[in-house]
**Q** 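This is the structure I have questions about; it appears just below.
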Amino acid sequence: MSNNSYLQNLQNEDLSKISAILEEKQAKEVALIPSEYDNIKFQGLRHDVTAKQLIEVKLLDLSTAEQLHSGKKAIAEVQKNLENFLTKPTAIAGLYIESSKGKVSFASAAKQRIIEKASVLALLEAQAATGFIIDPTAGQKYSVDDSVAKGLVDHEYKSRLLEAEKAVLGYLFSGKKLSVYQAIETRILERQKGKSFIEAQIASGGIIDPVRSVRVCPEVAVQLGLLNNTVLKFIYEHSSNKKVFQNPNNRQAMYYNDLLKLCLLDIGSKCFLLPVGERKITTPSAEKIHKISVVDITTGAEMTSYEAYKKSLIDKSTYLQLSGQEFQWKESTCFDHHGNSYLVLTDLKTGMQFNIDEALTDGKVDRMLVSQYKEGQITASELADVLLSNSKPQTDVNSPIAGVWLPETNERMPLLKAARKNLVERTTALRCLEAQASTGGIIDPFTGKRYSVAEALQRELIDEASAKHVQQCELVFTGIIHPVTKSVLSAVEAMNTNVLEKEMGTRCLEYQHLTGGLIDPKSHCRLSMEEAIKRGIIDAVTATKMKNDKFYLKGITCPKTKKKLTYKEALDNAVFDCHTGLRLLEAAELISSGISSLYFSSQS
């Protein structure tokens with residue numbers, strides 16, 4: 001027997017043992033569920049599913065089942081509540097053409113050469129593997145056979161789509177219906193293809209249990225043996241699971257989860273559509289608070305999920321689902337340096353942050369709404385959307401670079417954290433921190449607030465080494481005290497008396513000049529170059545050099561292009577954050593790697 005065959009037999013034996021243990025455990029749990037719940041039936045993905053089966057997969061609790069059994073609750077009501085797990089088409093249904101505000105099916109898009117056939121096949125396979133082939137015109141759902149018969153899908157795709165459909169119907173093996181993961185482990189499904197189906201299923205609402213014909217959350221799927229923790233843990237690890245879907249706008253490889261985040265919900269068909277066009281209405285941007293999430297094809301109206309919810313065009317659960325794709329708001333309690341507590345709302349995805357007490361004082365939210373939130377009458381998403389709507393800062397054209405922005409995730413990040421993650425060179429981060437310190441303080445990009453070097457260190461915006469480095473820059477702003485006369489010196493005076501290092505002092509003056517004018521350390525007022533010369537803040541020779549771009553040093557490495565830039569060029573290339581009005585440096589996300597991912601890759 002070959003080594004491969006031996007290993008395969010071992011794997012099959014291990015899978016059988018694990019399956020047997022799980023089946024025994026499930027049998028004990030199932031025995032406790034009253035048998036009369038078998039008579040209460042719901043419509044599943046492809047066939048009926050009983051209340052008892054829904055309890056087994058933790059989609060239904062015993063008290064709701066008892067209410068159904070006694071007639072206190074209607075089956076239709078529970079069916080509606082569970083539609084995402086049972087009957088709703090949750091995959092990407094088709095394309096939204098931005099120029100015409102119309103929609104087309106994937107098969108039509110291939111014929112019109114809007115997107116390539118390979119991309120169309122991958123997207124249709126994802127539909128088949130997550131429940132149904134979807135007609136985007138009205139949101140109807142079909143089996144692969146029916147979709148071909150109705151002309152929704154071309155016959156040339158049929159054999160591939162029937163294979164993908166097994167992810168829903170089950171892969172038959174030794175008289176059993178297997179899930180995608182189980183099919184991979186028994187070697188009847190190619191591993192990479194299977195992982196792409198698993199990722200699409202998770203993104204679309206859950207792992208499909210082919211026996212019960214329902215979607216279940218990944219954690220429950222692991223408990224049921226439909227998935228394992230290792231596959232789940234590394235499903236978004238590039239070295240373990242390749243990105244097989246393509247953004248039609250830039251041909252960038254993506255996970256299905258990320259592609260879904262770019263989609264619009266069509267109000268009429270209740271389907272997700274992938275936008276194609278130059279307008280990039282759903283692409284994350286630092287310069288707009290919300291992306292467009294909802295479209296009404298009949299009127300051509302495009303809106304955010306919050307706007308659609310306020311107009312009663314979508315229900316609350318749909319609003320929260322769409323909002324959850326963009327934001328993940330979390331409440332926390334913080335303390336100021338006096339020990340007083342205050343409530344903070346932070347978006348874990350973008351890093352945007354609100355101090356609720358400050359928002360009340362500033363009139364950005366009223367006490368009634370905050371009370372409703374604290375009493376659980378409205379969600380964190382609703383409160384945050386009100387705060388976002390009422391907090392539209394002016395673009396600060398004199399802003400230094402406040403932090404880093406990642407376009408892929410729409411995340412804001414402090415400069416030093418970005419340097420630690422190798423998104424920005426440390427020297428670049430230090431230059432940008434120098435500019436912040438010399439123009440008024442270290443900036444928290446989550447809130448736009450400035451802090452002294454000591455406070456910034458306490459808040460972990462900077463570390464000990466960078467704090468020591470930028471202390472002199474802070475003195476250029478606050479004023480440098482002469483060690484003997486104790487008088488407040490300007491930067492030029494300090495450089496001339498060797499109290500301030502000349503190279504550092506020149507850079508600080510340059511940062512001030514480029515962000516609105518030199519700063520008088522006594523009054524903290526911005527000055528024109530002429531006024532600064534009069535006040536002795538700068539001499540005429542240095543001022544003349546500072547006005548000339550050719551004297552600027554290229555001390556910044558662009559985190560996106562890796563080109564060397566002057567600070568002025570970096571300012572020109574930066575984006576303005578809609579949340580703070582300050583400039584952010586755009587960075588490209590690194591492809592993660594490491595021992596764990598490499599190890600798993602070798603085992604895959």
**Q** Between Gln372 and Gln377, is there a donor-acceptor pair closer than 3.5 Å when you use the side chain of the first and the backbone of the second?
**A** no
**Q** State, without any angle test, whether Asn410 and Arg412 hold a side-chain donor-acceptor pair at a distance under 3.5 Å.
**A** yes
**Q** If we only count heavy atoms from C-beta on, is the Ile92 to Gln127 side-chain gap below 4.5 Å?
**A** no
**Q** Whether the side chain of Arg215 engages the backbone of Asp209 through a donor-acceptor N/O pair (distance < 3.5 Å, no angle test) should be reported.
**A**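 Not at all, since once roles are kept as given, no pair shorter than 3.5 Å links the two residues.
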**Q** Check this for me, if you would: do Glu411 and Lys349 make a salt bridge, where the nitrogen-to-carboxylate-oxygen distance has to be below 4.0 angstrom?
**A**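 Looking at Glu411 and Lys349, the cut-off is not met.
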**Q** Given 3.5 Å as the limit, does a donor-acceptor pair link the side chain of Thr346 with the main chain of Leu348, or not?
**A** no
**Q** Under 3.5 Å, is there a donor-acceptor pair linking the side chains of Ser196 and Glu199?
**A**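 Checked: Ser196/Glu199 side chains show no N/O donor-acceptor pair below 3.5 Å.
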**Q** Kindly assign one of parallel, tilted or perpendicular to the pair Phe354 and His579, based on the angle between their ring planes and the thresholds 30° and 60°.
**A** perpendicular
**Q** So, do Leu343 and Asn355 sit near enough that their side-chain heavy atoms are less than 4.5 Å apart?
**A**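 Side-chain contact under 4.5 Å: no.
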**Q** Do Asp385 and Tyr319 have a side chain donor and acceptor closer than 3.5 Å?
**A** yes
**Q** Determine, for Lys80 against Glu83, whether the closest basic-nitrogen to carboxylate-oxygen distance falls under 4.0 angstrom.
**A** yes
**Q** Using a distance-only test with no angle check, is there a side-chain donor-acceptor pair under 3.5 angstrom linking Glu302 and Tyr96?
**A** yes
**Q** In plain terms, say whether Lys141 and Asp135 are close enough for a salt bridge, that is, a side-chain N and a carboxylate O under 4.0 Å apart.
**A**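 Salt bridge flag = no for Asp135 with Lys141.
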**Q** I'd like to know if Lys73 pairs up with Glu66 as an ion pair, taking the criterion as any Lys NZ or Arg NE/NH1/NH2 lying under 4.0 Å from an Asp or Glu carboxylate oxygen.
**A** no
**Q** Do Ser35 and Asp38 have side-chain atoms, one donor and one acceptor, less than 3.5 Å apart?
**A**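 No.
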**Q** Can you list, pair by pair, the side-chain donor-acceptor contacts under 3.5 Å of residues 321-329, counting residues two or more places apart and other chains?
**A**
{"residue": "Glu326", "atom": "OE2", "partner": "Lys291", "partner atom": "N", "Å": "2.9"}

**Q** Quick one: list whatever passes ring pair (Phe, Tyr, Trp, His ring centres under 6.0 Å) with Phe576, sequence neighbours left out.
**A** none
**Q** Regarding Gln353 and Thr447, is there a side-chain donor-to-acceptor distance under 3.5 Å anywhere?
**A**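 No, no side-chain donor-acceptor pair sits under 3.5 Å.
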**Q** Sequence neighbours left out, what passes ring pair (Phe, Tyr, Trp, His ring centres under 6.0 Å) with Phe132? Give chain and number order.
**A**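 Applying ring pair (Phe, Tyr, Trp, His ring centres under 6.0 Å) to Phe132 gives none.
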**Q** Distance alone, cut at 3.5 Å: any donor-acceptor contact between the side chains of Ser143 and Asp145?
**A** no
**Q** Are Glu358 and Lys449 ion-paired here, with the side-chain N under 4.0 Å from a carboxylate O?
**A** yes
**Q** Please report, to 0.1 Å, the donor-acceptor pairs under 3.5 Å made by any side chain of residues 362-369, with sequence neighbours excluded.
**A**
{"residue": "Asp366", "atom": "OD1", "partner": "Met368", "partner atom": "N", "Å": "3.2"}
{"residue": "Asp366", "atom": "OD1", "partner": "Leu369", "partner atom": "N", "Å": "2.8"}

**Q** Considering only residues two or more places apart or on different chains, which pairs with a residue in residues 219-231 satisfy salt bridge (charged side-chain N to carboxylate O under 4.0 Å, His left out)?
**A** none
**Q** Among residues two or more places apart or on two chains, list those pairs meeting salt bridge (charged side-chain N to carboxylate O under 4.0 Å, His left out) that have a residue in residues 90-109.
**A** Lys103-Asp266
**Q** Identify the residue among Leu68, Thr87, Leu82 that makes a side-chain contact (heavy atoms from CB on, under 4.5 Å) with Phe42.
**A** Leu68
**Q** Could you check whether any side-chain N or O of Gln182 sits under 3.5 Å from a backbone N or O of Gly225, counting only pairs where one atom can act as donor and the other as acceptor?
**A** yes
**Q** Main chain of Leu262, side chain of Thr282: is a donor-acceptor contact present, judged purely on distance under 3.5 Å?
**A**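 It does hold such a pair.
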**Q** To the nearest 0.5 angstrom, please state how far the CD1 atom of Ile133 sits from the CG atom of Asp146.
**A** 11.0 Å
**Q** I'd like to know if Asp396 pairs up with Arg583 as an ion pair, taking the criterion as any Lys NZ or Arg NE/NH1/NH2 lying under 4.0 Å from an Asp or Glu carboxylate oxygen.
**A**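 Between Arg583 and Asp396 there is no salt bridge, as every charged N stays at least 4.0 Å from the carboxylate O atoms.
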**Q** When you measure from the side chain of Tyr256 to the backbone of Ala91, do you find a donor-acceptor pair of N or O atoms at a distance under 3.5 Å?
**A** no
**Q** Do Gln53 and Tyr37 have side-chain N/O donor and acceptor atoms under 3.5 Å apart?
**A**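 Absent: no donor and acceptor within the cut-off.
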